[in-house]
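Every heavy atom of this structure was used, including side-chain atoms; hydrogens, water molecules and symmetry mates were not.
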Amino acid sequence: MFKLTGTLAVVFLATVVLAGCADTTRAPQAADPSPKPTVSPSSTPTYLRELPEWAQGATWIVYPDGVQCIGTEGCGGDYRRAFGDPGPVLPEGVVYYHPEIHDCVYVQPVGRDC
């Protein structure tokens, strides 16, 4: 009788532990406050015309595809990462990446010694 009760207790405990692990992997994501461009098959994409208030005053850079930076946070002020692809006209405070201006000042690209 004790073996059956002990076995059931172990099975119950294992189920509770596994259920707890499963719930942590499905934790809800925090809402992203930044608007993203919207694209539907029948409409043209909409882009940011001005930065949200929380993003104003910071340096935002539109990096070309393939640029990788050293560090745990990647390339700082990455406009595409925060807001998506830029439109034909950049919002105020947003610039395109230029190695002579940004390297070793704002970012350190992989393979570049600063």
Which heavy atom of [X] sits nearest to which heavy atom of [Y], and what is that distance?
{"X": "Gln68", "Y": "Cys75", "answer": "C-SG, 4.0 Å"}
{"X": "Tyr106", "Y": "Thr59", "answer": "CE2-OG1, 3.6 Å"}
{"X": "Leu51", "Y": "Glu92", "answer": "CD1-O, 3.6 Å"}
{"X": "Ala55", "Y": "Phe83", "answer": "CB-CZ, 3.7 Å"}
{"X": "Pro88", "Y": "Tyr47", "answer": "CD-CD1, 4.0 Å"}
{"X": "Cys114", "Y": "Gln108", "answer": "SG-CG, 3.6 Å"}

Is there a path from Val67 to Ile101 through hydrophobic residues (I, L, V, M, F, W, Y) whose side chains come within less than 4.5 Å of each other?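 Hydrophobic grouping puts Val67 apart from Ile101.
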Polar side-chain atom of Trp60 near backbone of Pro91 as donor-acceptor pair, under 3.5 Å: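 Such a contact is absent between Trp60 side chain and Pro91 backbone.
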May I ask you to decide if Gly76's main-chain N or O and Tyr63's side chain share a donor-acceptor pair within less than 3.5 Å?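 Answer holds: yes.
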Taking CD in Glu50 as the centre, count heavy atoms belonging to other residues, nucleotides or ligands within less than 6.0 Å. Is the count above 12?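 12 or below, so no.
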More than 12 heavy atoms of other groups within 6.0 Å of Tyr96 OH: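 Yes, because the 6.0 Å sphere around OH of Tyr96 holds more than 12 heavy atoms from other groups.
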Quick one: does Val107's side chain get under 4.5 Å of Arg112's, heavy atoms only?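 In short, these two side chains do not touch, never coming nearer than 4.5 Å.
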Using 0.5 Å steps for rounding, measure from the CG atom of Asp113 to the CD1 atom of Ile70.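 Taking CG in Asp113 and CD1 in Ile70, the distance rounds to 7.5 Å.
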For the pair Leu48 and Tyr79, evaluate side-chain contact (heavy atoms from CB on, under 4.5 Å) and give the outcome as yes or no after the intermediate values. CA-CA 11 Å; Leu48 285 181; Tyr79 181 88; 3.5 Å; yes
Val105: which residues meet the side-chain contact (heavy atoms from CB on, under 4.5 Å) condition with it, sequence neighbours left out?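 Counting only residues at least two positions away or on another chain, Val105 forms no side-chain contact (heavy atoms from CB on, under 4.5 Å).
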Under the side chain to side chain donor-acceptor pair (under 3.5 Å) test, which residues partner Tyr97, sequence neighbours left out?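 Scan of Tyr97 (side chain to side chain donor-acceptor pair (under 3.5 Å), adjacent residues dropped) gives Asp103.
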